[in-house]
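Chain identifiers are assigned alphabetically (A, B, ...) following the order of the sequence lines, protein sequences preceding nucleic acid strands; residue numbering begins at 1 within each chain. These numbers were taken from a predicted model, which means no experiment stands behind them.
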Number of protein chains: 2
Amino acid sequence: MPRPRSLTEAQIAAAALAVIDRDGLGGLTMRAVAKEIGVSTMALYRYVEDREHLESLVVDHMLAAVDVTPPAAPTWRERAMALCERARAAIDAHPAAVPLTLVHRHTAPNAMRFAEALLGVLAEAGFTGERRAIALRALLGQLFGSLALMRLGPLGGPGTAALAALPDEEFPLLADTARHARPITPDEEFRRGLELVLRGMSPG
Amino acid sequence: MPRPRSLTEAQIAAAALAVIDRDGLGGLTMRAVAKEIGVSTMALYRYVEDREHLESLVVDHMLAAVDVTPPAAPTWRERAMALCERARAAIDAHPAAVPLTLVHRHTAPNAMRFAEALLGVLAEAGFTGERRAIALRALLGQLFGSLALMRLGPLGGPGTAALAALPDEEFPLLADTARHARPITPDEEFRRGLELVLRGMSPG
DNA sequence: ACCTGAACACCGTTCAAGT
DNA sequence: ACCTGAACACCGTTCAAGT
């Protein structure tokens with residue numbers, strides 16, 4: 001009599017994410033995830049190929065939380081922005097996991113689901129062919145790049161404060177820019193950066 | 001009689017980069033770097049705090065190769081583009097090391113040197129205050145985000161080819177877009193993405 | 001001061017054994 | 001079939017000892 005599988009991929013991904021949220025990315029080990037679920041380390045290998053696969057499950061699980069129904073907004077730029085903000089919210093809910101999204105973005109089915117939705121907005125706006133491909137990549141680049149930058153230190157954070165205290169002789173512009181950047185919130189930074197990209201894009 | 005230091009940071013960084021280029025990021029270990037130099041593993045700890053510090057040296061070493069003298073081009077957008085293309089060339093010369101640049105960008109002095117140069121172009125173009133801060137971050141986000149995306153698979157690569165073969169019913173736009181993206185070279189992808197960002201920016 | 005090798009506490013993963 | 005614990009080949013880093 002075959003024993004039924006006792007774990008699901010979602011369960012494993014959720015446990016891994018809990019470990020990351022609690023102990024950081026450095027705390028993510030096969031042993032830790034197994035313990036979190038309450039199973040032997042080797043039991044995990046019944047469900048995932050290796051550690052890479054486990055990480056991929058985590059990324060897919062995070063992106064599963066992104067609602068990809070077409071946003072109702074008057075302009076295509078606002079609709080694209082709304083989609084990207086949903087993705088940012090879902091990813092930023094687990095800041096320590098951000099680096100994983102950059103490495104495993106291509107193996108997660110839910111990443112494709114998101115890309116398809118974003119392409120829907122672009123297609124409706126009149127983007128076709130190569131132009132649409134470039135537009136998608138630029139948006140994804142800004143989305144993930146901006147998330148990575150903000151995880152290292154948002155404009156309004158301590159890193160920027162340190163830059164503001166830099167010797168004016170060597171980095172005058174960096175110091176001055178850092179001082180002006182102090183009051184910018186991560187939300188604002190994300191929005192305004194993406195707005196630049198969207199403003200530079202046109203379907204024709 | 002105190003023995004003189006036998007290693008330099010540049011030498012260590014170069015050895016680490018050689019290891020990465022040869023064996024990938026997974027091959028980067030303290031033991032491998034020490035062996036590459038021809039010294040005991042523990043000798044490295046005379047020069048670097050820990051593995052994190054070693055990685056930071058690698059990133060700084062890669063960015064040291066970026067020429068930050070102001071490019072001579074008619075428009076500020078072309079000058080900004082030229083600077084970013086120099087950075088891309090330096091980083092892309094070591095594709096396996098790209099993920100490190102995302103994690104250690106903030107601790108590398110040469111990253112600040114590059115940011116200062118880019119701010120020089122923006123300042124000359126009339127960007128000031130918050131606007132300049134946002135513009136810098138958007139450019140850096142696109143630069144690093146785009147590099148990360150291209151490392152996973154350029155638009156013209158096998159990943160895109162796989163997407164093009166996707167079932168049309170589930171991902172019609174993704175499949176179609178992937179087909180049109182096939183002939184786009186990494187160079188073109190990088191340039192055109194960054195152009196979108198630059199086009200969307202204005203100093204006033 | 002600088003360098004070394006052994007040792008410690010991990011890690012991912014293989015393997016043989018249990019139900 | 002599914003799960004387990006011991007074992008293997010690593011890893012970063014501490015420490016005591018050598019010159």
Q) Knowing that exactly one of Arg182(B), Arg192(B), Arg179(B) qualifies, which makes a salt bridge (charged side-chain N to carboxylate O under 4.0 Å, His left out) with Glu130(A)? A) Arg192(B)
Q. Thinking salt bridges, do Arg77(A) and Glu195(A) make one under a 4.0 Å N-O criterion?
A. no
Q: For Arg191(A) and Glu85(A), indicate whether the former's side chain and the latter's backbone hold a donor-acceptor pair under 3.5 Å.
A: no
Q) Ser6(B) side chain N/O closer than 4.0 Å to the phosphate oxygens (OP1, OP2) of dC3(C)? A) yes
Q) Where the side chain of Arg113(B) meets the backbone of Val66(B), is there a donor-acceptor pair that is under 3.5 Å apart? A) yes
Q. Is the side chain of Gln142(A) donor-acceptor paired with the backbone N or O of Val197(A) at a distance under 3.5 Å, no angle test?
A. no
**Q.** For atom CZ of Arg5(A) and atom C1' of dC3(D), their distance in whole Å
**A.** 12 Å
Q: Without swapping roles, check the side chain of Arg5(B) against the backbone of Arg46(B) for a donor-acceptor pair under 3.5 Å.
A: yes
Q. Would the number of heavy atoms belonging to other residues, nucleotides or ligands and lying under 6.0 Å from CD of Glu52(A) be above 12?
A. no
Identify each atom pair where a protein N or O and an N or O of nucleotides 8-10 of chain D are less than 3.5 Å apart, giving names and distance.
none

Q: Go through the side-chain N and O atoms of Thr185(B) and Asp187(B) and say whether any donor and acceptor fall under 3.5 Å apart.
A: no
**Q.** Side-chain donor or acceptor of Arg151(B) paired with backbone N/O of Val98(B) under 3.5 Å
**A.** no
(Q) Quick one about Thr41(B) and Arg31(B) (side-chain donor to acceptor, distance below 3.5 Å, no hydrogens or angles considered), yes or no? (A) no
Q) Does DNA chain D take part in any stems of at least 3 consecutive Watson-Crick or G-U pairs (both distances under 3.5 Å), and if so, which ones? A) C:4-8 with D:12-16, C:12-16 with D:4-8
(Q) Using only atom types and a distance under 3.5 Å, with no angle test, would you say the side chain of Glu116(A) pairs donor to acceptor with the backbone of Leu173(B)? (A) yes
Q: Could you check which residues of residues 33-50 of chain A get a heavy atom under 4.0 Å from DNA chain D? Sort them by number, please.
A: Val39(A), Ser40(A), Met42(A), Ala43(A), Arg46(A), Tyr47(A)
**Q.** Rounded distance in Å - CG (Leu28(B)) to C1' (dC11(D))
**A.** 12 Å
Q.
Please report the distance, rounded to the nearest Å, between CD in Glu52(B) and C1' in dC11(D).
A. 15 Å
Q: Figure out the NE2/P separation between His53(B) and dT13(D), and round it to whole Å.
A: 12 Å
